[in-house]
Trainee: 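This is the structure I want to talk about, given as structure tokens.
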Amino acid sequence: MPELPEVETMRRGIASIVGSRIEDLRIPPSPLRPITIKPPLAEFRRRIVGRTVASVGRVGKRVVVELDSADRIAIEPRMTGRVLLGRPPDGKHLRLVFELSRSQPGRPAEQLMFWDSRGLGVARLLTPEEFDRHLGNSKLGPDALEITADELRRRLGRSRRAVKVALLDQSVLAGVGNLYASEILHRARVHPAVPCRRIRPIQWSRIHAAMLEILHEAIAMQGSTLADGMYRTVDGESGRFQEFHFVYQRAGQVCRQCRRARIVRIVQSQRSSFYCPKCQRWRG
DNA sequence: CCCCAGTCCTGCGGGC
DNA sequence: TGCCCGCAGGACTGGG
């Protein structure tokens with residue numbers, strides 16, 4: 001499931017479209033229900049055709065394509081979405097095709113595609129005002145790679161929520177999802193169900209440090225491709241960070257850290273959490 | 001402020 | 001071989 005490292009890998013993978021002109025936007029024929037795009041296709045197309053890609057960025061778990069009109073295209077892959085440049089895995093789940101002109105003479109024309117198996121993904125075209133409203137500071141917390149340890153503690157230190165649940169709250173910090181939240185807390189040696197207000201300053205420092213380490217390592221490995229094989233890089237390659245998972249989807253297996261206890265799965269807020277009962281004591 | 005349940009959606013795997 | 005069912009969960013919404 002694309003979280004910050006996977007979305008950042010997608011962003012880097014399509015960075016070559018900067019300078020290209022958008023010639024068309026199509027929704028390919030498919031028996032599946034079309035994904036959500038806002039505004040609807042006709043207006044979306046009218047506002048982007050003829051515009052040039054000014055930059056390709058990322059906000060939390062969204063890829064953000066900024067145009068020379070100052071409008072931005074925000075693509076949310078959610079569970080199974082993939083951003084591609086041509087060559088989708090199949091046509092059935094191909095949801096959007098942005099036809100691009102060649103950005104420089106001699107370079108081939110490109111097609112920016114959004115492919116999504118389950119179709120939970122969303123694409124939005126946002127004016128600067130809408131961008132602030134949807135992806136601005138009041139809606140989303142600081143990026144997980146930017147937030148400081150003090151800011152993290154300031155935002156969560158008095159909360160009664162379980163720390164694992166709180167780390168998933170995108171209004172607290174943007175980019176951490178279910179997989180990396182479990183991995184971060186394992187490296188920080190903090191039990192996922194501990195209320196934030198019971199976490200000591202030294203533990204917040206460990207959580208923050210573990211978060212930066214893991215996210216940077218995962219980006220370097222081009223993200224995590226799980227057993228379902230759903231996530232791929234723009235080039236169709238698997239990520240490699242799954243080889244370095246210590247707890248995620250490892251319930252019942254011996255902990256790679258202590259080599260003694262077995263990983264436990266619990267459900268928090270209707271999502272699976274994984275932890276080592278020996279490495280992650282309630283009072284770390 | 002926080003929590004919970006429900007919704008969207010498709011592919012996959014277990015059970016029979 | 002096939003069919004039903006549960007499960008995966010990010011973002012959002014409505015009710016408490």
Side-chain angles (χ1 to χ4, degrees), chain A residues 1-8 10 27-28 30-38 58-64 74-83 88-96 114-124 126 130-131 133-136 138-141 143-144 154-184 192-199 215 218 223-232 242 245 247-252 263 265-274:
Chain A
M1 55 203 117
E3 302 180 27
L4 187 153
E6 291 76 27
V7 176
E8 176 63 17
M10 292 181 198
I27 298 177
S30 162
L32 304 176
R33 180 189 154 285
I35 63 155
T36 300
I37 64 166
K38 294 177 179 177
R58 177 186 60 76
V59 174
K61 304 175 194 172
R62 282 107 161 157
V63 173
V64 176
I75 300 175
E76 284 182 54
R78 297 214 180 164
M79 296 300 295
T80 54
R82 290 170 56 182
V83 173
D90 61 47
K92 182 181 175 188
H93 302 92
L94 182 58
R95 310 292 185 157
L96 292 174
F114 184 62
W115 183 96
D116 189 350
S117 173
R118 285 165 58 187
L120 296 176
V122 177
R124 290 189 175 87
L126 303 168
E130 290 168 333
F131 183 86
R133 207 178 324 130
H134 270 88
L135 304 178
S138 60
K139 195 73 174 277
L140 293 180
D143 194 86
R154 193 184 66 73
R155 284 175 167 258
L156 290 179
R158 285 177 297 281
S159 169
R160 298 171 189 271
R161 304 158 83 184
V163 59
K164 157 68 164 42
V165 175
L167 288 177
L168 299 181
D169 185 340
Q170 302 298 296
S171 68
V172 171
L173 76 169
V176 174
N178 203 47
L179 188 165
Y180 291 100
S182 281
E183 294 296 326
I184 288 164
V194 174
C196 290
R197 62 192 311 196
R198 301 292 173 220
I199 292 175
L215 294 177
S224 300
T225 297
L226 303 179
D228 63 12
M230 197 50 67
Y231 162 74
R232 301 272 168 176
Q242 68 280 1
H245 292 176
V247 290
Y248 187 74
Q249 288 188 346
R250 296 193 73 249
I263 303 305
R265 172 185 178 268
I266 58 174
V267 175
Q268 297 178 277
S269 192
Q270 301 167 163
R271 291 163 201 189
S272 296
S273 301
F274 299 87

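First the proteins, then the strands, lettered A, B, ... as listed; each starts at 1. The structure presented is a predicted model; accordingly, all values stated were derived computationally and were not measured.
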Trainee: Round to a whole Å and report the spacing from CG of Leu226(A) to P of dG9(C).
Mentor: 9 Å
Trainee: So Leu32(A), base contact, sugar-phosphate only, or nothing? Heavy-atom distance under 4.0 Å.
Mentor: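 Leu32(A): backbone/sugar contact only, no base atoms under 4.0 Å.
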Trainee: Using atom NZ of Lys164(A) as one end and atom C1' of dG10(C) as the other, report the distance to the nearest whole Å.
Mentor: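 Checked: the NZ to C1' distance equals 12 Å.
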Trainee: Which part of the nucleic acid does Glu76(A) contact within heavy-atom distance under 4.0 Å: base, sugar-phosphate only, or nothing?
Mentor: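 Contact class for Glu76(A): sugar-phosphate only.
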Trainee: Just how far is it from atom CZ of Arg250(A) to atom CD of Glu183(A), taken to the nearest 0.5 Å?
Mentor: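 Separation between the atoms: 9.0 Å.
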Trainee: So, does Gln170(A) get its side chain near the phosphate of dA11(C), meaning an N or O under 4.0 Å from OP1 or OP2?
Mentor: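 So the side chain of Gln170(A) is within the cut-off, an N or O lying under 4.0 Å from OP1 or OP2 of dA11(C).
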Trainee: Contact class for Tyr248(A) vs. all strands (heavy atom < 4.0 Å): base, sugar-phosphate, or nothing?
Mentor: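 Sugar-phosphate contact only.
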Trainee: Taking only side-chain N and O atoms of Lys92(A), does any of them lie within less than 4.0 angstrom of OP1 or OP2 on dT10(B)?
Mentor: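 No, Lys92(A) has no side-chain N/O under 4.0 Å of OP1/OP2 on dT10(B).
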Trainee: Looking at Ser159(A), does any N or O in its side chain come under 4.0 Å of the phosphate oxygens OP1/OP2 on dC1(B)?
Mentor: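 No, because none of the side-chain N or O atoms of Ser159(A) sits under 4.0 Å from OP1 or OP2 of dC1(B).
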Trainee: CD1 of Ile75(A) versus P of dA11(C): gap in Å, rounded?
Mentor: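 Taking CD1 of Ile75(A) and P of dA11(C), I get 15 Å after rounding.
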Trainee: For the CD atom of Gln249(A) and the CD atom of Gln242(A), what is their distance to the nearest 0.5 Å?
Mentor: 11.0 Å
Trainee: Check the pair Glu6(A) / Lys61(A) against salt bridge (charged side-chain N to carboxylate O under 4.0 Å, His left out), numbers first and verdict last.
Mentor: CA-CA 8 Å; Glu6(A) 291 76 27; Lys61(A) 304 175 194 172; over 6 Å; no
Trainee: For the side chain of Arg161(A), counting heavy atoms from C-beta on, which of dC3(B), dG10(C), dG11(B) is nearest?
Mentor: dC3(B)
Trainee: Could you check how far CE of Met79(A) sits from P of dC7(C), rounded to whole Å?
Mentor: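 About 15 Å, once rounded to whole Å.
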Trainee: Mind checking the NE2-OH spacing from His245(A) to Tyr180(A)? Nearest 0.5 Å is all I need.
Mentor: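 Answer rounded to 0.5 Å: 5.0 Å.
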Trainee: If you take atom types as modelled and just measure distance, does the side chain of Arg62(A) reach the base of dG10(C) with a donor-acceptor pair under 3.5 Å?
Mentor: no
Trainee: Side chain of Ser272(A) only, heavy atoms from C-beta on: which candidate in dC12(C), dG9(C), dG6(B) is closest?
Mentor: dG9(C)
Trainee: Would you please confirm or rule out a distance under 4.0 Å between OP1 or OP2 of dA8(C) and any side-chain N or O of Arg265(A)?
Mentor: yes
Trainee: Between Lys139(A) (NZ) and dT13(C) (C1'), how many Å, whole number?
Mentor: 11 Å
Trainee: Nearest nucleotide by nearest heavy atom, which residue falls closer to the 5' end of DNA chain B, Met230(A) or Arg155(A)?
Mentor: Arg155(A)
Trainee: Looking at Thr36(A), I'd like to know whether one of its side-chain N or O atoms comes within less than 4.0 Å of OP1 or OP2 on dC8(B).
Mentor: no
Trainee: Among the candidates dA8(C), dT10(B), dG10(C), find the nucleotide nearest to the side-chain atoms of His93(A).
Mentor: dT10(B)
Trainee: Quick one: Gln268(A) CD to dG10(C) P, roughly how many Å, whole number?
Mentor: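 For the pair Gln268(A) CD and dG10(C) P, the rounded distance is 13 Å.
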Trainee: Among dG9(C), dC9(B), dT10(B), find the nucleotide with the atom closest to the side chain of Arg33(A).
Mentor: dC9(B)
Trainee: Measure NE2/His134(A) against P/dC12(C) and give the value in whole Å, please.
Mentor: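 Rounded to the whole Å, the gap is 7 Å.
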Trainee: Looking only at N and O atoms, is any donor in the side chain of Arg118(A) or the base of dA8(C) less than 3.5 Å from an acceptor on the other one?
Mentor: yes
Trainee: Examine dC9(B): is either OP1 or OP2 under 4.0 Å from a nitrogen or oxygen in the side chain of Arg78(A)? Give yes or no.
Mentor: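 No, outside the criterion.
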Trainee: Do Arg78(A) and Asp116(A) pass the salt bridge (charged side-chain N to carboxylate O under 4.0 Å, His left out) test, and can you show the C-alpha distance, the side-chain angles, and the key distance before you say yes or no?
Mentor: CA-CA 9 Å; Arg78(A) 297 214 180 164; Asp116(A) 189 350; over 6 Å; no
Trainee: Would one find more than 12 heavy atoms of other residues, nucleotides or ligands at under 6.0 Å from atom CZ of Arg160(A)?
Mentor: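 Atom CZ in Arg160(A) is not packed in, count stays at 12 or less.
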Trainee: Rounded off to whole Å, could you give me the OH-to-P distance for the Tyr180(A) and dG10(C) pair?
Mentor: 12 Å
